[in-house]
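Below is one structure; the comments refer to it alone.
Reminder, nothing fancy here: chain letters follow the sequence lines and each chain counts from 1. None of these values were measured; they are calculated from a predicted model.
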There are 4 protein chains.
Amino acid sequence: MKLKDDKKIVQIFQAALKLVAKKGLSGVTMGDISREAGIATGTLYVYFKGKDELINALFAACRENSVQVSFKGYNPQLPFKPGFKNIWLNILRYKLQHFEEVIFMEQCYHSPFITAGTREKAQQLSAPFYALMERGQKEQLIKQTDTGLLLIFMLGAMNELVKQTHYSGITLNRSRINSTFDLCWDALKA
Amino acid sequence: MKLKDDKKIVQIFQAALKLVAKKGLSGVTMGDISREAGIATGTLYVYFKGKDELINALFAACRENSVQVSFKGYNPQLPFKPGFKNIWLNILRYKLQHFEEVIFMEQCYHSPFITAGTREKAQQLSAPFYALMERGQKEQLIKQTDTGLLLIFMLGAMNELVKQTHYSGITLNRSRINSTFDLCWDALKA
Amino acid sequence: MKLKDDKKIVQIFQAALKLVAKKGLSGVTMGDISREAGIATGTLYVYFKGKDELINALFAACRENSVQVSFKGYNPQLPFKPGFKNIWLNILRYKLQHFEEVIFMEQCYHSPFITAGTREKAQQLSAPFYALMERGQKEQLIKQTDTGLLLIFMLGAMNELVKQTHYSGITLNRSRINSTFDLCWDALKA
Amino acid sequence: MKLKDDKKIVQIFQAALKLVAKKGLSGVTMGDISREAGIATGTLYVYFKGKDELINALFAACRENSVQVSFKGYNPQLPFKPGFKNIWLNILRYKLQHFEEVIFMEQCYHSPFITAGTREKAQQLSAPFYALMERGQKEQLIKQTDTGLLLIFMLGAMNELVKQTHYSGITLNRSRINSTFDLCWDALKA
DNA sequence: GATGAATGAGATTTCATTCAT
DNA sequence: TATGAATGAAATCTCATTCAT
């Protein structure tokens, strides 16, 4: 008797992401997902109790992934601005490389699938970002406005930028990335 | 003889907006919409050929509405910054007061409902915003970065701000609005 | 106040015939008929209590028409065979010229629309055909087989011939008509 | 694992035939068919993409069946007339025993369900009948009239005879069958 | 565990009929 | 009478989920 197969979960997640990016959350069925993942429909139910659970699990995974990646290489000992820019670039890279996840999370947010619990957990994962901003504020480098406001402002802007970049087919060269960063920095800096 | 009633289209649109905001695009059925609008399901099909057409029409209407409202009171003869702020406030007000439309449009964008044609038309309506930004750039008040980038940056940030505001239940007082505007302006200003 | 308009009934009948010939009885709706007839759907219900009544009335009209036409020019004083051929030609002409009626009646026969009463009346209208055949039998010109059998044989064959002719686009010249008649006559003749 | 079950297709076909014979093509719904076949409505869609496909498939199956049965026991080495009568009897037997198929095919022919392709294929299956008639013509036993005409004449007549027989409740005894055959033969013979 | 046919509740859509004008 | 919008029952079809293999 085989055991549950982690590789299969990855297949399922990737299938779901691809399809949601292409057809939107409301256009994706369990049948679509299984077909795309190369497994039988019934098998989906071996790994997830139902569609809701699948979506919630994927949402949580994406969210976790996005946070984890963001702080790669961040060293709080080093000065703020280069550390901040490092994280900013991590986020940008993540959003560009995992564009499907970005879309998926956006689609989910207002859907009836995501439970309060999942939403809650997602919020909790924001803590390091708040901490980062607060450090900048403490060091007088970042505006003293409401921290959540600043964060949301930055992330919202980045999201839209990434979508725009993706759809317009522009490749972001270094100079374009830098001028984009400057927009963010100028907005936030004290 | 009974005549087709434009008021009924408004009822249908409002019902759809309300429901999509509450349950997400994927959770709303034609039956839900008709019930909420206080008409028979069949009547929906008197006004729209199908669900697709209804969604597309509503999307177009929201988009048009949002643009029209934005430029209310704008006078290109007056200096740039106050005019810009006027528009910024219009947008903010629209997004807050018509929050359901904001959510609806976001939900739609990646759905299988919106056709290429509808997307196209939506894009064309952005022209006045581009013109506004270009004026600011010509007057050396706005960064010389790619105009689309600047716009997207601003609108993405505003969108997220509004969502945050809405869900956190904060009421935006004048000072909070102003500091939010400053974020945008500092980002964009040359 | 206008009175019911006989011309409108003709329009309705013609619309129904045309549509049934094109799309089959199961593909025709009251909306289709009214549109084709150039009147409002509601108006259909001024002239007929419902779809059933409309179909039954049209069926009866077609049936009556087909019989009436068949005996045009028939004089029972004259010898049998030329009289018979005259009728045969009348039937052929009717079926070719009113092909839509032929199709309509065939479609109706096994439909749930036609009531027992309508079917009954249709049967009664066959009496002159029976009489004709019986005369031929009495004069020893026609086989002594069951009269109904002979009739059905002839009419079934003609029906199929007309359909074949119609769909193949062949125009029936005199010689082709004659050889077709010979088939019938040879079958029936004593 | 459950496998698709050919027996289920037979059940579906039989249910559809029975219902169409009873209520006419326009009166039969997918729900009716599934109920009669003893399966869930959704299951119909496992076997057929939609109502159209079901009807077309059934039409094709009936047509094929009717042709196959007709030539059972036919040996082209033997003299023409007994071979012809053998086939004639096969056809008669088929039409009487599979009366529902006869009605179904008639109902379908002018319906919006049958596609041009299906019609085409049905026509191609007529080839052996043409060949048979041509043999009779070559042997100077059958009239030299257009082959299609002769065929259509015979089949149309038989069709109507069978319908008449069925509805009148007459049982065809040998002598009645023979006199019916004589009608056909006298019509066709040179 | 893996499969995919089977299910049936529910979604979309159609359409005969009614009704207000 | 004539109109065509409005209705809602019923038809077609979809799809999350179950189940037999």
Side-chain angles (χ1 to χ4, degrees), chain A residues 1-5 8 26-35 37-55 113, chain B residues 1-5 8 26-35 37-54, chain C residues 1-5 8 26-35 37-55 113, chain D residues 1-5 8 26-35 37-54:
Chain A
M1 200 165 104
K2 281 185 221 161
L3 286 169
K4 277 192 196 179
D5 183 355
K8 217 157 260 177
S26 60
V28 172
T29 70
M30 293 297 264
D32 288 340
I33 295 173
S34 65
R35 208 169 307 118
I39 60 176
T41 313
T43 309
L44 284 182
Y45 290 83
V46 173
Y47 291 88
F48 301 98
K49 237 171 48 193
K51 194 178 186 182
D52 285 28
E53 197 176 290
L54 194 164
I55 301 286
F113 293 110
Chain B
M1 204 188 68
K2 276 185 223 162
L3 282 172
K4 260 193 210 176
D5 185 357
K8 208 155 272 172
S26 58
V28 174
T29 70
M30 294 297 264
D32 290 339
I33 295 172
S34 64
R35 209 169 306 118
I39 60 177
T41 311
T43 309
L44 285 182
Y45 291 83
V46 172
Y47 290 87
F48 302 98
K49 239 171 47 193
K51 194 178 186 182
D52 286 30
E53 202 176 287
L54 193 163
Chain C
M1 201 165 103
K2 282 184 222 162
L3 286 168
K4 277 193 197 180
D5 183 355
K8 218 158 259 176
S26 61
V28 173
T29 70
M30 292 297 264
D32 288 339
I33 294 172
S34 65
R35 208 170 307 118
I39 61 176
T41 313
T43 309
L44 284 183
Y45 290 83
V46 171
Y47 291 87
F48 301 97
K49 233 170 53 190
K51 194 179 186 182
D52 286 28
E53 197 176 290
L54 193 164
I55 301 287
F113 293 109
Chain D
M1 204 188 71
K2 276 185 226 163
L3 283 172
K4 258 191 210 175
D5 186 357
K8 208 154 271 171
S26 59
V28 173
T29 72
M30 292 299 263
D32 289 339
I33 295 172
S34 64
R35 208 169 308 116
I39 59 177
T41 311
T43 308
L44 285 181
Y45 292 85
V46 172
Y47 290 88
F48 302 98
K49 242 171 45 193
K51 194 179 185 182
D52 286 28
E53 201 175 288
L54 195 163

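Residue C:Y47 has a polar side-chain atom (N or O) positioned under 4.0 Å from OP1 or OP2 of F:dA2. OP1 and OP2 of E:dG1 both lie 4.0 Å or more from every side-chain N or O belonging to A:K8.
By the ring pair (Phe, Tyr, Trp, His ring centres under 6.0 Å) test, A:F113 is found to be paired with no residue, residues two or more places apart in sequence or in another chain being considered. Applying the side chain to side chain donor-acceptor pair (under 3.5 Å) criterion to C:S26, with sequence neighbours excluded, gives no partner residue. Residues satisfying the side chain to side chain contact (heavy atoms under 4.5 Å, CB included) criterion with D:T43, sequence neighbours excluded, are D:K8, D:I39, D:A40, D:Y47.
To the nearest 0.5 Å, atom NZ of residue A:K49 and atom CG of residue A:L54 are 13.0 Å apart. The CG atom of C:L44 sits 11.0 Å away from the NZ atom of C:K51 when rounded to the nearest 0.5 Å. Once rounded to the nearest 0.5 Å, the distance linking CE of C:M30 with CG of C:D32 reads 11.0 Å. Here the OH-OG1 distance, from D:Y45 to D:T41, works out to 8.0 Å after rounding to the nearest 0.5 Å.
Atom CG in D:L44 sits about 14 Å away from atom P in F:dA11, given to the nearest Å. The nearest whole Å value for the distance from the CZ atom in D:F48 to the P atom in E:dA6 is 12 Å. Taking atom CD1 of A:I55 as the reference point, atom P of F:dT17 lies 11 Å away to the nearest angstrom. Between A:R35 atom CZ and E:dT3 atom C1' the separation is 14 Å, expressed in whole Å. What separates CD1 of C:I33 from P of E:dA16 is a distance of 8 Å, to the nearest Å. Remark: P of F:dA20 and CG of D:D5 are 15 Å apart, rounded to the nearest angstrom.
In this structure, B:I39 reaches the sugar-phosphate backbone alone: every heavy-atom distance under 4.0 Å involves primed, P, OP1 or OP2 atoms, never a base.
With E:dT7, F:dT3, F:dA2 as the choices, the nucleotide that has an atom nearest any side-chain atom of D:V46 turns out to be E:dT7. Checked against E:dA5, F:dA6, E:dG1, the side chain of D:K4 finds its nearest nucleotide in E:dA5.
When all heavy atoms are compared, the tightest approach of B:S34 to B:G31 is OG-O, 2.9 Å.
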Item checked: DNA chain F base-pair string [pairs: Watson-Crick or G-U under 3.5 Å; |: paired with another strand] -> .||||||||||||||||||||
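Position along DNA chain F of the nearest nucleotide to B:G38 versus C:A40 favours C:A40 as the more 5'-ward residue.
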Protein-nucleotides 12-15 of chain F N/O pairs under 3.5 Å:
| unit_1 | atom_1 | unit_2 | atom_2 | d |
| --- | --- | --- | --- | --- |
| F:dT12 | OP1 | D:K51 | NZ | 2.9 |
| F:dT12 | OP2 | D:M30 | N | 2.8 |
| F:dC13 | OP2 | D:Y45 | OH | 3.1 |
| F:dC13 | OP2 | D:K51 | N | 3.0 |

